[in-house]
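Working notes, structure below.
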Amino acid sequence: MTGSVMGNALMKFAAVDFGIQWVLWVVAALLRTERFYDLAGSGTFLFLVHLSRRHTNTNYLRQNVQTGMVTAWSFRLGLFLFLRIMKEGKDQRFNGVRDSPGTFFMYWTIQGVWIFVTLLPTLMLNLEKKDKPLGFRDYLGWGLWTVGFITEAVADQQKWKFRSDPENAGKFIRSGLWAYSRHPNYMGEILQWTGLFISASSVLSGVQYISIVSPLFIWYLLNYVSGIPILEQHAMKKWGSDPAFQDYIKNTPVLWPLKLF
């Protein structure tokens, strides 16, 4: 596919992406709720990846596997986050936000940016009419994605089970994967999108390699913006004076479980 044709297709996908977020922002602002924010995000991922998959009428194995992996990620994470917020009633990220339509709009817009940038390698892959035999980068990428998917799913389930036990009320988790990383779910998230870029890069060329911004954006977002900083700050306020938590912070890596190696 020529650069101009692919560029036009990507612009249409971006328009669909932001259109969905802004329409749902109106509904969320009127209801003053963030309960379907994450579900809307994962649903948009799902919609765009399948929309791009059908755009060129190709049926390559690499495209099918990549689309299937994004689909699995969307279903699992979207359902998990939706069930979590339905159980807890609110998301602390939106404290002081849900009652401010303008600030709330920015959150929905940022979600649109996150979706488009994160999906960029997969969108480009699905728009490509050329194909190449599967090779090392495909298997490496899919392997990383699989490790990341399992890591994130296990970490989320371990924390869900821990927090569901009344005996753990007011406590912090330091068992299972959480004994090796303070944020193993985020580690899994980064591995998944890194793997999908590596696989997609098998058929990318020239300016298309700009899609490496996808895993870099995820890494930066989780490390410095909306993920780890917020949770670390909240944890310090809650358990900062607890000697056990101080020991956990001192001996457990923030993200990558380096002590395993």
* **Flag, side chain of Arg53 to backbone of Thr58, donor-acceptor distance under 3.5 Å** => yes
* Under 3.5 Å, side chain of Thr56 to main-chain N/O of Asn126, donor-acceptor pair present? -> yes
* Asked: Taking it one step at a time, do Leu10 and Leu127 satisfy side chain to side chain contact (heavy atoms under 4.5 Å, CB included)?
  -> CA-CA 9 Å; Leu10 290 173; Leu127 290 172; 3.9 Å; yes
* Beyond-backbone contact of Thr71 with Phe75, side-chain heavy atoms, under 4.5 angstrom -> yes
* Asked: Counting only N and O atoms by type, is there a donor-acceptor contact under 3.5 Å from the side chain of Ser181 to the main-chain atoms of Leu255?
  -> yes
* Between Pro133 and Asp138, what is the shortest heavy-atom contact and its length? -> O-OD2, 4.2 Å
* Quick one: closest heavy-atom pair of Tyr180 and Pro253, and the distance? => O-CD, 3.4 Å
* Asked: Donor-acceptor pair, Gln192 side chain versus Leu144 backbone, under 3.5 Å?
  -> no
* Structure fact -> Residues pairing under side-chain hydrogen bond (donor to acceptor under 3.5 Å, both in side chains) where one sits in residues 212-227, two or more places apart or in two chains, turn out to be none
* For Leu83 and Trp160, what are the C-alpha separation, side-chain angles and deciding distance, and is it a side chain to side chain contact (heavy atoms under 4.5 Å, CB included)? -> CA-CA 10 Å; Leu83 291 176; Trp160 176 282; 4.1 Å; yes
* Could you list the residues that satisfy side-chain contact (heavy atoms from CB on, under 4.5 Å) with Met106, not counting sequence neighbours? => none
* **Nearest-0.5 Å distance, CG of residue Leu204 to CG of residue Leu120** => 9.0 Å
* Asked: Would you say the side-chain atoms of Gln158 pair up with the backbone N or O of Ala155, donor to acceptor, closer than 3.5 Å?
  -> no
* Donor on one side chain, acceptor on other, Glu189 and Trp193, under 3.5 Å -> yes
* To do: Please confirm whether the backbone N or O of Pro101 pairs with a side-chain atom of Trp25, one donor and one acceptor, at under 3.5 Å?
  => yes
* Which pairs with one or both residues in residues 71-86 pass salt bridge (charged side-chain N to carboxylate O under 4.0 Å, His left out), sequence neighbours excluded? -> Arg76-Glu152, Arg76-Asp156
* Asked: With distance as the sole test, does Ser52 use its side chain to make a donor-acceptor pair with the main-chain N or O of Val49 at under 3.5 Å?
  -> yes
* Would you mind listing the cluster partners of Trp239? Hydrophobic ones only (ILVMFWY), side-chain contacts under 4.5 Å, chaining allowed. => Phe162, Phe172, Ile173, Trp178, Met236, Phe245, Tyr248, Ile249
* For the pair Tyr60 (side chain) and Lys129 (backbone), establish whether a donor and an acceptor sit closer than 3.5 Å, ignoring hydrogens and angles. => yes
* Counting N and O atoms only, with roles assigned by atom type, does the side chain of Arg137 sit under 3.5 Å from a partner on the main chain of Ser201, one being a donor and the other an acceptor? -> yes
* For Phe197 and Ser211, work out which heavy atoms get closest and say how close. => CE1-OG, 3.6 Å
* Considering all heavy atoms of both residues, which atom of Phe104 and which atom of Thr33 are nearest to each other, and what is their separation? -> CZ-O, 3.3 Å
* Asked: How long is the gap from CD on Glu88 to CZ on Arg35, to the nearest 0.5 Å?
  -> 11.0 Å
* Distance, nearest 0.5 Å, that separates CZ of Phe13 from CE of Met6 -> 9.5 Å
* Hphob cluster co-occupancy, Leu221 + Val213, side-chain heavy atoms under 4.5 angstrom -> yes
* Structure fact -> Residues pairing under salt bridge (charged side-chain N to carboxylate O under 4.0 Å, His left out) where one sits in residues 171-186, two or more places apart or in two chains, turn out to be Arg174-Asp247, Arg182-Glu232
* Can you tell if the side chain of Asn168 reaches within under 4.5 Å of the side chain of Arg163, non-hydrogen atoms only? -> no
* Using a side-chain heavy atom cutoff under 4.5 Å and only I, L, V, M, F, W and Y, what cluster partners does Val203 have? -> Leu125
* To do: Drop me the distance from Trp145's CH2 to Leu191's CG, to the nearest 0.5 angstrom.
  => 12.0 Å
* According to the interplanar angle, ranging from 0 to 90°, do the rings of Trp108 and Tyr37 count as parallel (below 30°), tilted (30 to 60°) or perpendicular (above 60°)? -> perpendicular
* Asked: Cut-off 3.5 Å, side chains only: do Thr109 and Trp22 have a donor facing an acceptor?
  -> yes
* **CG on Asp17 to OG1 on Thr44, rounded to 0.5 Å** => 6.0 Å
* Val97 backbone acceptor or donor facing Ser100 side chain under 3.5 Å -> no
* Asked: How many angstroms lie between atom CG of Asn59 and atom CG of Leu61, to the nearest 0.5 angstrom?
  -> 9.0 Å
* Using a 4.5 Å cut-off on heavy atoms from C-beta on, say whether the side chain of Leu134 contacts that of Trp142. => yes
* **Phe18 side chain near Ile115 side chain, heavy-atom distance below 4.5 Å** => no
* **Minimum side-chain heavy-atom gap His183-Leu222 below 4.5 Å** => no
* Asked: Does the side chain to side chain contact (heavy atoms under 4.5 Å, CB included) test come out yes or no for His50 and Leu46, once each step is laid out?
  -> CA-CA 6 Å; His50 284 275; Leu46 191 62; 3.9 Å; yes
* Got more than 12 heavy atoms from elsewhere within 6.0 Å of NZ, Lys87? -> yes
* Considering non-hydrogen atoms only, spot the tightest contact between Trp114 and Phe217 and give its length. => CA-CE2, 3.6 Å
* Check the pair Lys237, Gln233 against side chain to side chain contact (heavy atoms under 4.5 Å, CB included), reporting the backbone distance first and the verdict last. => CA-CA 6 Å; Lys237 287 182 178 179; Gln233 183 180 32; 4.2 Å; yes
* For Leu216, does the CG atom sit with more than 12 other heavy atoms under 6.0 Å from it, leaving out its own atoms? -> yes
* Structure fact -> On a heavy-atom basis, the closest approach of Leu196 and Gln66 is O-NE2, 2.8 Å
